[in-house]
Each structure stands twice: as C-alpha cells, then as structure tokens.
Amino acid sequence: MKLTILGCYAATPRTITNPTSQVLEIKNQMFLIDCGEGTQVQLRKHKIKFSRINRIFISHLHGDHFYGLIGLISTFTLLNRENDLHVYGPKGIKEIILLQLKLSNSYTGYNLYFHELESKESVIVYEDNNVIVHTIPLKHRVYTNGYLFKEKNTQRKLNIVAIEDYNIDKCYYQKIKFGGDITLDNGKIISNLDLTFNPECEKSYAFCSDTVYNEDIIPLIKNVDALYHESTFLETESHLAKKTMHSTAREAATIALKANVKKLIMGHYSTRYGNIELFKEEAQTIFNNVILANDGKTIEL
Ligand SMILES: [Zn+2]
Ligand SMILES: [Zn+2]
C-alpha cells in the first residue's frame, strides 16, 4: 500500500497549499480519496496517470473535499477516457455532478456510476479479490464518512523446499498459492498446509476527515497500519474545533492511541497556522508515531 498526499489543508486552495485529496495504491489499483479543487493539477504534478483512477471516494460535500471532481470528470472526457468511473459519496453527489454536466451540455463519453451513501452505520462500499472498503461514519456539520481500506491477501506463500521434496511441477504453483491440495502420481494427497506458509499480513489504512473527536470510530479503526485523522486546529483553538466540528492535534492523537494504530498521519490543517510542526509537537505528547501530511508526500504503509 502506498499513499500519496495531493492536498492536506482545510478550506481554500492557495499557491502553496492544496485542499484534501489523496491517492492510495493497493496492488496496482489507484483509489482517489476526496477531490478538492486543483486535484487534477496535483495528479499531473506528481505524474499519476489519470487513466489508472477508476474509483473515487468522497467523504462529504464541503467544497474543500469535492470541488475538483467536476473538473476531473470533464478532463477524463477530453482525454477520451473509455474505462468506467465509479464515484462513492454522500447522497446528493449525483445530482450536483449531473446538473453541471447537463447545463454545460458536456456528457461523458465513458460510463459514470454513482454509489450514494446515506447509512449512519459502517457499510461495505467496495470489494474485490485484493481489497475491501468500509465506510467510517464521522460526525461533522454535514453527513460525512471516512473510509477504511483493507488489503486482502488470498495467496499463501510457497514453501519451496517442501514442494521440491515432493517433486511437484511448477504448473501447480498457482493452485498451491490459492490453497489447493495436491494429489501425487501415486495417489497420495498432500495438504496445502504442508506446502505453504501463512500469507503475509494484510495492510489497512483508515482515512478520517472531517470530524469532531468521536470515540465511536475506535472499534472500526482498531490496530490499523495507518490512520489519517484530521487535525484542523491546535488545542489553543479548541473552541473553534468544537464550533466548526473539527478536531485538534491532541484529539487526533488520543484517537490514535485508543485505537492502537501503528502510525498517525495528520492533516487538514487550518491555514491560520504558519508552522505545521506545532501539530506534531502537540500530538506527540499523547502518541509518538506521528507523520505530518504534506502536499506531495508519499508514505509507504
Ligand atoms: Zn474540510
Ligand atoms: Zn468539512
């Protein structure tokens, strides 16, 4: 799993910072998470091929999380995209995007599917052989979901020594990787457990933005490899965090600690702060393994 931060600041785009957007790469699939204004410029800047993005997950309908979507959808058409595009997001997102396409008489040349969300419980929104994606219901001024991406490792690791001892032909390796037993020429059945090791552990990534401090999410994100949790404010502005339904650095760190995550990635900083190192300092009084998101930063999970 590889995460590229395209933008990680709150509110308005500026010449030096971008609103929320991230690309998560899992086994050669690219998932776009949120699409603030300027996301397509950031994709170009970081040399991420547009054609590799087939699924976009939007947390909520505040502008700093989706105002780049109509631009990207429109650019896909100009680039003669043919692949289907799937957009996951709050109910209403389809209406907003379709109205813009309709009034500009610029329908897409590819299939555009909307998966609208309105559940207040965590639901599975996407699953294939390699990954499963759950929503993480958040508490914010409008209906908001974070997303939990869990890698699925269906392939077992080959025990080459054992396989060679039994003189098993290479053409059976695929079958063994997927858990199959092998019947030898003499009719003896060799259990898969004698031919393989357990798969390497699956990675997981939780994206949580925007939200107030909310312990309800802890069971959903327990033990994840990396948690991105918004930290719009420092504790000195905790009154603003409460008023605008955001979190402070200290609150993000408290959630990371209580959920026993391996690392905390912080972002969605208010542009009022000149020095984001202050977020790390505040968070590390609670939880040590903190990474500050920064536009363009790549993080291996
Ligand atoms: Zn926001
Ligand atoms: Zn918001």
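All of these numbers come straight from a predicted model, not from anything done at the bench. Just so you know, ligand 1 is whichever comes first in the structure, and atom 1 is the first atom listed for that ligand.
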We want to know whether Ser119 and Glu121 form a side-chain donor-acceptor pair, criterion being a heavy-atom distance below 3.5 angstrom. no
Would you please indicate if the ring centroids of His246 and His140 are separated by under 6.0 Å? yes
Heteroatoms of the protein, restricted to N/O/S, which lie under 2.8 Å from the Zn ion (ligand 2): His60 NE2, His62 ND1, His140 NE2, Asp210 OD2
Taking every heavy atom of Lys2 against every heavy atom of Glu300, the minimum-distance pair comes out as CD-OE2, 3.3 Å
In this structure, which one of Thr4, Val133, Leu301, Val131 forms a side chain to side chain contact (heavy atoms under 4.5 Å, CB included) with Leu24? Leu301
Among Phe149, Tyr205, Phe66, whose ring-ring contact (aromatic ring centres under 6.0 Å, His included) with Phe57 holds? Phe149
Check whether NZ of the Lys or CZ of the Arg Arg55 lies under 6.0 Å from the centre of the six-membered ring of Tyr113 and within 45 degrees of that ring's axis. no
